[in-house]
Every structure is written in structure tokens, then in C-alpha cells.
Amino acid sequence: MALIVQKYGGTSVADCKKIENVAERVITCKRQGNDVAVVLSAMSGETNRLIALAKEIQARPDPRELDVLMATGEQVTIALFAMAAKKRGFEAKSFLGFQVPIMTKPLFNKARIEEIPSANLQDALKAGVIPVVAGFQGVTKDEDITTLGRGGSDTTAVALAAALHADVCEIYTDVEGVYTTDPNICPSAKKIEKITYEEMMEMASLGAKVLEIRSVEMAMRYDIPIHVRSTFTNTPGTLVVKEDEKMEHILVSGVTYSRNEARITLSKVPDKPGIASSIFNPISSANIAIDMIIQNTRAGDLTDMTFTVSRDDHDQAMEIVKEAASKIGAEKVTGDTNIAKVSIVGVGMRNHAGVASQMFDILARHGINILMISTSEIKISCVIEEKYTELAVRALHEGFGLDKPSLQGK
Ligand code: ADP
Ligand code: ASP
Ligand code: MG
């Protein structure tokens, strides 16, 4: 008998019929003798709908009230699920974030989980009740409702699996696992049987939204195996686990892309000590994460500084940078939201030279200009014009032989 945390995403609970299907699946797992705790997302599209409502009233919604609003999405699905389980003769009890409680830091819209006292859930499990927990939300010690950032239900699920010492965290979604690239834009994408935490973390941070990055970080820290699989079939999915020797033989495991990118350039900045901190300190104080940074020296004592932020943060970052630019005497600030980032990821890259040049070569052969480059031990990312995103993903997927099944999962 195992203790399993099962998380179902938005498309899996998109309407009452689908919620009843999820209830059937959870009950089947219980009937097989397992203890199950369930985490649910809001119905697909619901969180976007709630954000759009908020924006009808305030262009940049008040962060605290936005969390109160967004948290309602998951409240609906957990209550309906509990009803569907009870209808089938099984006891289930819904838990909102504060009822667990999922304690977070007081940072609205991007809160981090600090602690999950598990007594309430343990009591439910001991009594044979299926606890069904609202994903994505938490509570601060001052009793404010917080949310964990988009896609945050994955993090709720892994955090609960860690708190309950579960044997596995199963993430149910609308695809059969983690693929070599997004199967919705590249039909030749192949399901990966096993992927390391590190590769999955890179893939998630570089745009493969099938798992939220913090959920993978947490799974790695607490050694929780994640099984990503489909809500609509019984096929085994992808295991996200510790690296073993065999996995290092795969050079490139996946190709990812992200359109949630924006580039900001400060031109003709006087080149002297302290300029980088005068630009980037106010941005980080506003909790905006900076990704790539490039500094080019011009003739004279002038330099250009270019960096990327997520597109959601572009407008706010531009305001901040314009103010900083006038203080340090930069000539011009320009923003560009028509960019995307394509990346290749693989632990095997650590021990192989020439992967980067192969990537640049493939992009060049398809007439795609590279605007920025960044690398780490196990990934290479290129910023390109957004209109080439799908072309680049398909070209890299094919160019690195990921469409050939023999290379995968072996
Ligand atoms: P959920 O609502 O279940 O949390 P998401 O939409 O967040 O589901 O994540 C699943 C989606 O992730 C898939 O439908 C797919 O389009 C996208 N995706 C992007 N990259 C990948 C990848 N490498 N493997 C699988 N899915 C991916
Ligand atoms: N409902 C939230 C979102 O759409 C959280 C999640 O689905 O994981 O981002
Ligand atoms: Mg998701």
C-alpha cells in the first residue's frame, strides 16, 4: 500500500463530467489499496478569466485582492470533486489553503511555501477520507490569502507529497508525459520515459510548462519521484527522478521555447562603476526577475546594456528603467516584446563539446537570426524573433535527432 498525491490540472477538471472522471480515477487508486490525497487546479481558462475581470477594474490589479479573486477558481473544483466522491460512496473533504494550512511568505501573486503542518490531512487519511486540496493557494501568518504564481498547483502537490512523506507525486495532465518538445507544436515529439530533476528544472524554467519549475526544485530537494501522466489514458507517463549513469549518454533530451519574453535596451550609458547596480537594483526590488544580460562597449566611455525579463513584467520594468536611465544619463531606453527564447537541454552536454555550434548552425540553415545567447552546464538558449519560434523548435528537434525514438529513454 502506497501513499500517493495526485494532482489534476485545469483541462482534467474543465467541467463536471471531467471532475466525475477524475473522481473515478482516484477511487480506482484507493480501491487498489492506496491512500490518496488529491490536489486540483481551477477549471481550464478560469484563472485567466478571473485575471481579465480584475483588469477590467484596474489595469494593474491590486496584488492582495487579485489573490483573493484568483483563489476562488480552485475552491470550485475541490468542492465539486468532494461531491462526486461522496456520490460514489467515498468520503472526501475539501481543504482550502488556509484549512490545511499551506503557510507561505507574505508575497502576493508569487508566494513561496514556508511550511505545511500536515496533522489535518493526516487525520483525514487515517479516517479513510480523501483530502482534496485547492492547488495554487496558501495563507500567510497574518491570514492573508496568497497564490504561488501561474501553474502553482504542481508546487502545491509536490509540497504536500513532501509534507506527507508520500511515495510518489503523480501529475495528471492533458498529455501523456514530458515530451522531447511541446507535442502541441511539434507532432514528432516523443514521450520521455525518464528524465533527471536537473534537466526537468531547466526545461521547466525555459518554457516547458508541463511542470512548474518550483515543483521540480522541491521534488529534487525532498527526493520525491514525480510521475507525469495523462488523465485520459492509463499509459505510463514520464518519471522525473535522480540521474543515473545511462541518462548521461543522451546529449540533448529536449527542446523548449518561451514566448513570455521581452528585451529592454539602454543605449549610450556612461561606462563607470555602479551603473549595473543602479539599473538592476530597482528592478529586483520590484521583484522582477532578470534573465539574460549583455553589455556592449561603444567607442568613447559609453556602453549599451541589454537584458530580458518576462513579458508580463515588461511594462513595469520599462517604467523603472526609464527612471534609472535618466539618473545615470543613458541616452535612450527601448523595449521589444516580439522575441522568444528557444533552448536545448541535456545532462549529456556536460561532457561534449560542439553542441552550441551545432545549434547555431541549425538555426542559421533555417535563416533564423540569433539576438542573444546564454548557456549553462546543461542548456543553451537563444533569443530569436518571435515569428520564428515554431520553425526553430521543429528544426532543433529534428537537427538533434529527437524525432528518432531509439535515442529516447535509453
Ligand atoms: P495542466 O493544466 O494540466 O497543469 P499545462 O497546460 O500546465 O497543464 O501543461 C501541459 C501542457 O504543457 C501540454 O498541453 C503541452 O502543450 C505543454 N508542454 C510544453 N512543453 C512540453 C513538453 N516538453 N512535454 C509535454 N508537454 C509540454
Ligand atoms: N489555476 C492556476 C493557473 O492557472 C494554477 C494551476 O493551474 O496550476 O495558473
Ligand atoms: Mg500546469
Side-chain angles (χ1 to χ4, degrees), residues 6-14 18 22 39-52 66-67 69-78 97 102 109-111 133-138 146-159 169-193 195 199-216 226 228-232 237-238 240 252-260 312 340-346 389-390 393-394 396-397 402 408:
Q6 295 192 337
K7 176 259 171 178
Y8 292 87
T11 40
S12 310
V13 293
K18 292 199 167 114
V22 167
V39 174
L40 298 183
S41 290
M43 292 182 180
S44 64
E46 177 63 4
T47 309
N48 287 346
R49 188 186 73 87
L50 293 167
I51 295 171
L66 183 61
D67 276 355
L69 181 67
M70 286 195 293
T72 62
E74 276 71 10
Q75 180 161 352
V76 172
T77 50
I78 57 169
I102 296 177
N109 312 164
K110 294 181 185 175
V133 177
F136 180 52
Q137 58 180 264
T146 49
T147 65
L148 308 179
R150 298 307 304 271
S153 299
D154 296 338
T155 305
T156 308
V158 175
C169 180
E170 296 180 340
I171 303 284
Y172 286 88
T173 185
D174 57 355
V175 288
E176 288 196 345
V178 180
Y179 282 67
T180 46
T181 193
D182 186 347
N184 287 325
I185 74 155
C186 185
S188 63
K190 295 276 176 291
K191 187 169 74 189
I192 301 172
E193 266 172 52
I195 187 165
E199 285 171 314
M200 194 61 235
M201 245 155 57
E202 289 283 9
M203 283 184 66
S205 78
L206 296 169
K209 69 167 183 161
V210 61
L211 280 179
E212 205 258 341
I213 177 163
R214 277 156 52 203
S215 68
V216 191
I226 301 182
V228 182
R229 53 192 309 192
S230 165
T231 309
F232 307 104
T238 301
V240 188
V252 175
S253 297
V255 178
T256 60
Y257 67 96
S258 161
R259 291 193 170 92
N260 187 14
D312 306 331
K341 182 167 67 175
V342 288
S343 313
I344 54 172
V345 175
T389 311
E390 296 192 3
V393 168
R394 291 189 191 129
L396 292 169
H397 191 258
L402 296 177
Q408 286 313 310

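First listed ligand is number 1; within each ligand, the first listed atom is number 1.
- Two residues are said to be in side-chain contact when any heavy atoms from C-beta on lie closer than 4.5 Å; Lys341 and Tyr257 fail this criterion.
- The two residues Ile78 and Gln75 have their closest heavy-atom pair at CG1-O, 3.5 Å.
- Compare Thr181, Ile171, Val210, Ile185 by their heavy atoms: the one nearest to atom 26 (N) of ligand 1 is in Val210.
- Look at Gly254 and you'll find every heavy atom at least 4.0 Å from all atoms of ligand 1.
- Protein heavy atom in closest approach to atom 23 (N) of ligand 1: Tyr179 O, 3.0 Å.
- Close contacts of ligand 1 with Ala208, meaning ligand atoms under 4.0 Å from a residue heavy atom, involve 19 (C), 20 (N).
- The proximity of Glu46 to ligand 2, defined as any non-hydrogen pair under 4.0 Å, does not occur for either the backbone or the side chain.
- Counting only distance, with no hydrogens or angles, the side chain of Thr238 and the backbone of Ile192 share a donor-acceptor pair below 3.5 Å.
- Ligand 1 has a nitrogen or oxygen under 3.5 angstrom from a nitrogen or oxygen of Gly10.
- Between the CG atom in Asp174 and the OG1 atom in Thr231 there is a gap of 7.5 Å [rounded to 0.5 Å].
- Rounded to the nearest 0.5 Å, atoms CD1 (Ile213) and CE (Met200) are 9.5 Å apart.
- Any N or O atom pair closer than 3.5 Å counts here, and Gly151 shares at least one such pair with ligand 2.
- Below 4.0 Å from some heavy atom of Gly152 lie the following atoms of ligand 2, by number and element: 5 (C), 8 (O).
- In this structure, atom 4 (O) of ligand 2 lies nearest to the protein heavy atom Arg150 NH2, 2.9 Å.
- Screening Asn48, Asp312, Asn109, Asn260 for a side chain to side chain donor-acceptor pair (under 3.5 Å) involving Arg150 leaves a single residue, Asn48.
- Among all non-hydrogen protein atoms, the one lying nearest atom 7 (O) of ligand 1 is Lys209 O, 3.4 Å.
- Of all the heavy atoms of Pro183, the ones lying under 4.0 Å from any atom of ligand 1 belong exclusively to the side chain.
- Checking Thr11, Val345, Asp182, Ile192 against atom 19 (C) of ligand 1, the nearest heavy atom belongs to Asp182.
- Taking a cut-off of under 4.0 Å to the non-hydrogen atoms of Ser41, the atoms of ligand 2 that pass are 6 (C), 7 (O), 8 (O).
- We find the CZ-CG distance between Phe136 and Leu40 to be 14.0 Å, quoted to the nearest 0.5 Å.
- Between Ser12 and ligand 1, no pair of N/O atoms sits closer than 3.5 Å.
- Checking only distances, Asn184 does come within under 3.5 Å of ligand 1, N or O to N or O.
- Every atom of ligand 1 with a heavy atom of Met203 under 4.0 Å away is listed here by number and element: 23 (N).
- Interface of Lys7 with ligand 1, defined as ligand atoms under 4.0 Å from a residue heavy atom, comprises 4 (O).
- No donor-acceptor pair under 3.5 Å is formed between the side chain of Glu212 and the backbone N or O of Asp154.
- Taking CD from Gln137 and CG from Leu148, the interatomic distance works out to 8.5 Å, rounded to the nearest 0.5 Å.
- In terms of protein heavy-atom proximity, atom 25 (C) of ligand 1 is closest to Gly177 O, 3.3 Å.
- Here the closest heavy-atom approach between residue Tyr172 and residue Ser12 is recorded as O-OG, 3.8 Å.
- Residue Lys18 holds its NZ atom at 7.0 Å from OG of Ser44, rounded to the nearest 0.5 Å.
- Checking side-chain atoms of Glu74 against main-chain N and O of Ala42 turns up a donor-acceptor pair under 3.5 Å.
- Distances between N or O atoms of Asp154 and those of ligand 1 include no value under 3.5 Å.
- The residue among Val255, Thr173, Val13 with a heavy atom at the shortest distance from atom 8 (O) of ligand 1 is Thr173.
- Residue Glu74 has at least one heavy-atom neighbour below 4.0 Å for each of these atoms of ligand 2: 1 (N), 2 (C), 5 (C).
- Scanning all protein heavy atoms for the shortest distance to atom 14 (O) of ligand 1 gives Asp174 OD1, 2.9 Å.
- Atom numbering of ligand 2 starts at 1 in the shown order; those under 4.0 Å from a heavy atom of Ser153 are 5 (C), 6 (C), 7 (O), 8 (O).
- Taking a cut-off of under 4.0 Å to the non-hydrogen atoms of Val178, the atoms of ligand 1 that pass are 24 (N).
- The OG1 atom of Thr173 lies 6.0 Å from the NZ atom of Lys7; values are rounded to the nearest 0.5 Å.
- Side-chain polar atoms of Asp67 and Thr146 form no donor-acceptor pair below 3.5 angstrom.
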